[in-house]
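Here's the structure we're looking at; comments come further down.
The first residue in the sequence is number 1, and the count goes up from there.
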Amino acid sequence: MNKVKIDKGSLIDNYLPADYIDSFSKEVETKEGITPDAFFDMAFNQFPTWIDWLLKLRNAIVKPLGLDTTSRFSDSICERSGNEIIWGMPDKHLTFHVSMWCGEYRDGKQELRITTVVKYNNWLGRAYFFVIRPFHRIIILSLLKSIKKRKNKFSNG
């Protein structure tokens with residue numbers, strides 16, 4: 001895991017302190033700069049099939065517990081700036097926020113970073129995230145890897 005890096009003035013700083021924080025980034029070669037909206041769309045509106053299946057399984061498991069299973073990621077955007085989108089939501093068990101941060105486009109390259117902060121609201125939140133955490137890491141890394149491989153937006157790299 002990359003060391004958590006938060007740029008000065010980043011919107012995600014407004015959601016700290018937190019019980020858990022991680023940050024993953026990938027430098028991509030691209031023909032033009034990627035906006036936070038495009039980054040969000042590529043990462044969370046175009047899931048690989050296996051991630052979609054995991055989310056459906058998660059929803060089936062937690063629905064009887066009264067947790068939110070109907071919200072879409074795009075419905076939970078909280079804040080935005082020129083290089084970052086924050087999305088997330090409070091629930092009974094925990095509150096989470098995710099930063100989709102786009103670095104400066106330079107020499108055909110750009111850093112894309114996903115930072116997650118989680119605050120536990122009760123013991124159920126702590127238990128829930130204990131189970132979810134390994135999948136969270138795999139999913140975020142997979143999303144960044146799939147963005148790097150997209151041929152329609154990026155040059156070979």
Is there a donor-acceptor pair closer than 3.5 Å between any side-chain N or O of D22 and the backbone N or O of V117?
no
Student check: side-chain heavy atoms of F96 and L94 closer than 4.5 Å
yes
Side-chain donor/acceptor of N121 to backbone N/O of D91, under 3.5 Å:
yes
Starting at NZ of K119, measure out to NE2 of H93 and round the result to the nearest 0.5 Å.
15.0 Å
With side chains defined as the heavy atoms from C-beta onward, is the minimum distance between T116 and H97 less than 4.5 Å?
no
Hey, does the side chain of N122 reach the backbone of L124 with a donor-acceptor pair shorter than 3.5 angstrom?
yes
Would the distance check show the side chain of D19 and the main-chain N or O of Y120 forming a donor-acceptor pair, the cut-off being under 3.5 Å?
yes
Mind checking the CG-CD spacing from D107 to E29? Nearest 0.5 Å is all I need.
11.0 Å
Identify, with sequence neighbours excluded, every residue that meets side-chain hydrogen bond (donor to acceptor under 3.5 Å, both in side chains) alongside N14.
none
Verdict with supporting geometry, T95 and V118, side-chain contact (heavy atoms from CB on, under 4.5 Å)
CA-CA 6 Å; T95 299; V118 178; over 6 Å; no
Are F130 and W123 an aromatic pair by the rule of ring centers under 6.0 Å?
no
Please check: side-chain N/O of Q110 versus main-chain N/O of V28, any donor-acceptor pairing under 3.5 Å?
no
For the side chain to side chain donor-acceptor pair (under 3.5 Å) test, which of S10, S23, S99 pairs with T115?
S23
Within a strict 4.5 Å, meaning less than it, do heavy atoms of the I34 and Y105 side chains meet?
no
Would you compute the distance between atom CG of L144 and atom CE of M42 and round it to the nearest 0.5 angstrom?
10.5 Å
Ring pair (Phe, Tyr, Trp, His ring centres under 6.0 Å) with F129: which residues, sequence neighbours excluded?
Y20
Is there a chain of hydrophobic side chains (I, L, V, M, F, W, Y, each step under 4.5 Å between heavy atoms) that links L143 to I132?
yes
Would you check if Y15 and E79 make a side-chain contact, meaning some heavy-atom pair closer than 4.5 Å?
yes
So, taking the atom named CD1 in I77 and the one named CE in M89, what distance separates them when rounded to the nearest 0.5 Å?
11.0 Å
Which value, rounded to the nearest 0.5 Å, describes the distance between I138 atom CD1 and K145 atom NZ?
12.0 Å
Report the distance from atom OG of S81 to atom CD1 of I86, rounding to the nearest 0.5 Å.
8.0 Å
Min side-chain heavy-atom separation M100-V98 under 4.5 Å
yes
Give a yes or no on whether a salt bridge exists between D37 and R80, defined as a side-chain N under 4.0 angstrom from a carboxylate O.
yes
Got a sec, which residues hit ring pair (Phe, Tyr, Trp, His ring centres under 6.0 Å) with F39, two or more places apart in sequence or on another chain?
none
